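Structure first, commentary second.
Order of the sequence lines fixes the chain letters, A, B, ..., with proteins taken first and strands second; residue numbering starts at 1 for each chain. None of these values were measured; they are calculated from a predicted model.
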2 protein chains.
Amino acid sequence: MGHSDRRLGSQLPVTPPTLADVAERAGVSRQTVSNAVNNPDLLRPDTLERVRQTIAELGYSPNRAARNLRTRTSSLIGLRFNPVQEGTANAAMDRFVHSLVEASEEAGYHVLLFPGDDEDPVGGYDNLLRSTAVDAFVVTDTYLGNPQAAWLSQQRAPFVAFGRPWDDETARHVWVDVDGAAGIRLATQHLIDRGHTRIAWIGWRKDSPIGEDRRSGWVSTMHANGLSTTGLASRVEDVVHSGAEAAAVLLDESRPTAFVCASDTLAMGVLHTLWIRQLAPGRDIGVVGFDDSQVAQVYPVGLTSVRQPLEDVAVEVVRTLRALLSHQPVASRGVLLEPALAIRESSQPGVPVAGRPA
Amino acid sequence: MGHSDRRLGSQLPVTPPTLADVAERAGVSRQTVSNAVNNPDLLRPDTLERVRQTIAELGYSPNRAARNLRTRTSSLIGLRFNPVQEGTANAAMDRFVHSLVEASEEAGYHVLLFPGDDEDPVGGYDNLLRSTAVDAFVVTDTYLGNPQAAWLSQQRAPFVAFGRPWDDETARHVWVDVDGAAGIRLATQHLIDRGHTRIAWIGWRKDSPIGEDRRSGWVSTMHANGLSTTGLASRVEDVVHSGAEAAAVLLDESRPTAFVCASDTLAMGVLHTLWIRQLAPGRDIGVVGFDDSQVAQVYPVGLTSVRQPLEDVAVEVVRTLRALLSHQPVASRGVLLEPALAIRESSQPGVPVAGRPA
DNA sequence: GTGAAAGCGCTAACAA
DNA sequence: TTGTTAGCGCTTTCAC
C-alpha cells in the first residue's frame with residue numbers, strides 16, 4: 001500500500017509509516033529495513049545510508065506493539081508507586097523514581113507506574129506479569145515483611161529490589177541498598193568531631209530492621225569513640241510530635257548535646273523542642289536527620305542530614321536488571337552503596353545562626 | 001499446541017497461556033474466549049461461565065502486546081517526569097503523579113514515565129508518539145512558554161494539560177487547572193477574618209503568569225475588603241532566602257501583620273525572618289504559603305497553606321483523556337478546580353504556640 | 001549482504 | 001450465539 005499521502009507538513013501522519021513503507025520507498029525488502037534498525041552491521045554501508053535516509057524522511061519509528069509481540073519484550077520496567085505519606089518528610093521514593101526514569105531511559109527502558117493495593121499486595125504485579133506488560137519489576141518496599149519479593153521469586157519474574165531482604169534469610173533475589181548504618185556512623189562521627197560527647201539517638205520501633213540497622217551505626221560509632229550510649233536512646237513512631245516528645249524527655253533526663261535521628265521527620269520534632277526551649281540548633285544542640293528531604297533543605301536552620309545516593313541506586317538497579325534480562329550472570333546478589341552527609345547549620349557550632357533566641 | 005505441561009505449582013508458566021489454550025481447553029473457538037473477556041454480554045451465560053472457569057484455571061491474561069498491536073492502543077498514558085528542584089518545597093508534581101496513577105488505573109490505564117530533556121523538549125514525546133507506545137500524554141508544564149502543547153496539538157496527538165495555556169491565546173487543547181487566584185483569595189480572606197488589615201504579598205517575578213494570577217487573588221480580596229495594597233507587595237525568585245529578604249524589607253518599610261506567599265518555599269523564608277526577629281508566626285505575624293507541601297506539614301509551627309486538589313485534577317484529567325480517546329465531545333475546553341486552605345498555626349492568632357520566643 | 005516466508009497473540013469483520 | 005478468516009507490524013529463520 002502506498003503511503004505517499006500520509007504526511008501533511010510536519011504533522012504526524014494519520015497512521016504512522018511502517019517498515020513496509022520504508023522498504024518500498026528505499027527499494028529494499030522489509031527485512032533490510034529491520035536490519036538497518038536493529039543490526040546495522042549486516043548492511044552494506046551504502047544500503048544502510050539509503051535506508052536511514054528514508055527512515056528519516058518518513059519519520060519512521062518501529063511500532064512498539066509489533067516489536068513487543070514479536071520479541072516478547074516490552075522495554076518497560078514496572079514500579080509500584082505508593083502514595084506519599086502526608087505529615088512526614090519522607091519523599092525518598094519520589095527522588096528515586098526520578099533517578100530510575102533517567103537511568104532506565106539510558107538503557108532503553110521506560111518506567112511503568114502502577115498503584116499499590118494493601119488488600120492485594122501482589123495483585124498489580126500479577127496482572128502486569130501475566131499479561132507480559134513489563135519485562136521486569138523494581139521492588140521498593142522489601143521490609144515490612146510484605147510478600148512481593150518472595151512471590152516474584154516464586155513466579156521466576158525478573159526483578160531487582162531496592163532494599164535488603166531484611167527478614168527473609170532464604171531470599172535469593174538480587175538487591176541494591178544504601179548502607180544506613182554507615183550513614184549514621186558518618187553523622188555520629190561528624191558530631192563527635194565537632195566536640196559532642198553526649199549524642200542521643202531517636203529512632204524507630206524495634207520491629208523496623210532498617211531502623212535497627214541505622215541505630216547500630218550510632219551505637220558502634222559511640223563505642224568506637226569510647227562514648228557511652230546509656231540512657232541516650234529512644235524509639236518512637238515516625239511522626240514529628242513523637243520526635244519532639246522524645247527530644248524533650250532525653251533533654252530532661254540525659255542532657256545530650258546532640259541528636260542523631262532515624263529520619264528528617266523525627267529531626268523536625270527535635271528542632272521543634274529546641275525552639276520551644278529556646279535552644280539554638282547547631283550552636284546549643286547539634287541535630288542530624290536522615291534522607292536529606294526538602295524539609296531539611298528549606299528549613300530556616302538548614303538541617304544536616306544523611307543523603308542516600310539514589311541516583312547511584314537507580315543506575316545500579318538498572319544495570320542489574322539488564323544483566324538479569326540478558327541472562328548474564330549477576331556479579332553479586334546484593335550491592336550496598338554508601339550514603340553521604342549533607343552538612344548544614346543544625347550540626348555546626350562554628351556557624352552561629354543569626355538571631356537565635358536570646 | 002498443548003500446554004498441559006506449562007504450569008508447575010502456582011508458578012508462572014514458562015510461556016503464559018494464550019487465547020488458543022483457553023479455547024481448546026474450554027472447547028470453544030478463540031473468538032469466543034476473546035468475547036468472554038471483552039464482550040461478555042455476547043455469550044450465553046453457561047458458555048461464559050465455562051470459559052471464565054477455564055481462564056481462571058489457566059491463569060490466563062490477554063497478552064498486552066498482541067492486543068495493543070491489534071487494537072492500535074496501548075492503555076498507556078505518557079508523562080514527562082522532571083527532576084524535583086532541590087532546595088525548594090515544590091513537590092506538587094510528585095503528589096499529582098500519585099493521584100494520576102490511581103485515577104488512571106481505575107480507567108484501565110497505566111502511567112508511563114519518561115525523562116525530560118531541556119535541549120530537546122519534544123524529543124521524548126516524539127519518540128513515544130511515533131512508535132505508538134502511548135495512547136495519550138498528560139502535559140504538566142504548560143507555562144514557561146515551552147512548545148510541548150503547541151507541538152502536540154500540531155501532531156494531533158491526544159493530550160490533556162494540567163495547567164492553562166497562559167501565554168498562548170490560540171491554544172485549542174483541553175486542560176485542567178487549579179484556580180490559584182481563588183486559593184489566594186481564600187488565604188487572604190482567612191487572614192482578614194482573623195483581624196489582619198496590613199497583609200503583604202510575596203510572589204514571583206512578573207513574567208510568571210501563574211504568579212501574577214495568584215497575586216491577583218490577593219489584590220482583589222484586599223480591595224474588596226477596602227484594604228490598601230500599597231507598598232505591601234514584593235516579587236522575588238522562588239527560593240527561601242529571597243522570601244526571607246523580602247519579608248525583612250516589608251517588615252521594615254510597611255509594617256504588615258501578615259504575609260501571603262506564592263509558594264511554601266517563600267513562606268519558609270518569611271518564617272525564617274520572623275524567627276530571627278523573634279516574632280511568633282500566627283500570634284505576632286500571620287503567614288500563609290501555597291502548595292501544602294510536606295514542609296508546611298512538618299514545620300514545627302504548622303504552616304497554613306493553599307492546597308491544590310490534585311486528586312481531583314487527576315480524576316478530571318483522566319476523564320477528559322478518556323473522552324478524547326473515545327472521540328466523545330469534550331464538554332469544555334478547560335476545567336478550573338477550586339483549591340482549599342489547610343489551616344495551621346502560622347495563621348491562627350487564637351492558637352498560641354508553646355514556647356514562642358519571649 | 002539481501003530477500004521471502006512464517007508467525008508472535010490478539011480482535012474486527014463476517015459467516016454460519 | 002458461536003466459529004472462521006484475515007491481518008495488525010514486526011523479527012526470526014532460512015534461502016539466495
Measure from the side chain of T18(A), starting at C-beta and using heavy atoms only, and say which of dG9(C), dT11(C), dC10(D) lies closest. dC10(D)
Would R80(B) and D118(B) pass as an ion pair if we require N to O under 4.0 Å? yes
Any side-chain N or O of T32(B) under 4.0 Å from OP1/OP2 of dG3(D)? yes
What integer distance in Å separates L69(A):CG from dA6(C):C1'? 13 Å
Is there a side-chain polar atom (N or O) of S29(A) under 4.0 Å from OP1 or OP2 of dG3(C)? yes
Closest to side chain of Q31(B), choosing from dA13(C), dA6(D), dC10(D): dA13(C)
For dT11(C), does OP1 or OP2 lie under 4.0 Å from any side-chain N or O of S34(B)? yes
On DNA chain D, check which nucleotide each of L19(A) and G27(B) is closest to and give me the residue with the more 5' one. G27(B)
Nearest whole Å is fine: how far is dT11(C) P from R70(B) CZ? 9 Å
Identify, residue by residue, the members of residues 40-51 of chain A with a heavy atom below 4.0 Å from DNA chain C, and return them in order of residue number, or none. L42(A), L43(A), R44(A), T47(A)
Could you tell me how far apart D21(A) (CG) and dG9(D) (P) are, to the nearest whole angstrom? 9 Å
Under 4.0 angstrom between N68(B) side-chain N/O and dC8(D) OP1 or OP2: no
Given dG9(D), dG3(C), dA6(D), which nucleotide is nearest the side-chain atoms of V28(A)? dG3(C)
Just the rounded figure in Å: distance from C1' of dT12(D) to CZ of R67(A). 14 Å
Looking only at non-hydrogen atoms, find the nearest pair between P62(B) and V37(B) and report the distance. CG-CG1, 4.0 Å
Give the rounded distance in Å between these two atoms: CG of N38(A) and P of dT12(D). 7 Å
Derivation of the side chain to side chain contact (heavy atoms under 4.5 Å, CB included) call for S34(B) and Q31(B): CA-CA 5 Å; S34(B) 176; Q31(B) 185 51 37; 4.1 Å; yes
Atom pair CG (L79(B)) and OH (Y125(B)), whose distance is rounded to the nearest 0.5 Å: 7.0 Å
Is a donor on one side and an acceptor on the other found under 3.5 Å between the side chain of S74(A) and the backbone of D135(A)? yes
Pair R319(B) + E316(B): basic N to acidic O under 4.0 Å: yes
What's R72(B) touching, base or sugar-phosphate or nothing? Going by heavy atoms closer than 4.0 Å. sugar-phosphate
Please tell me which of the listed nucleotides, dC10(C), dA4(C), dC10(D), lies nearest to the side chain of P62(B)? dC10(C)
How many Å lie between CG on N63(B) and P on dG9(C), as a whole number? 7 Å
Charged N to carboxylate O below 4.0 Å: is that the case for D126(B) and R130(B)? yes
Polar contact flag, side-chain donor to acceptor under 3.5 angstrom, Q328(A)-S326(A): yes
Separation of dC10(D) atom P from N39(A) atom CG, nearest Å, is 15 Å
Reading DNA chain C from 5' onward, which residue's closest nucleotide shows up sooner: R30(A) or N35(A)? N35(A)
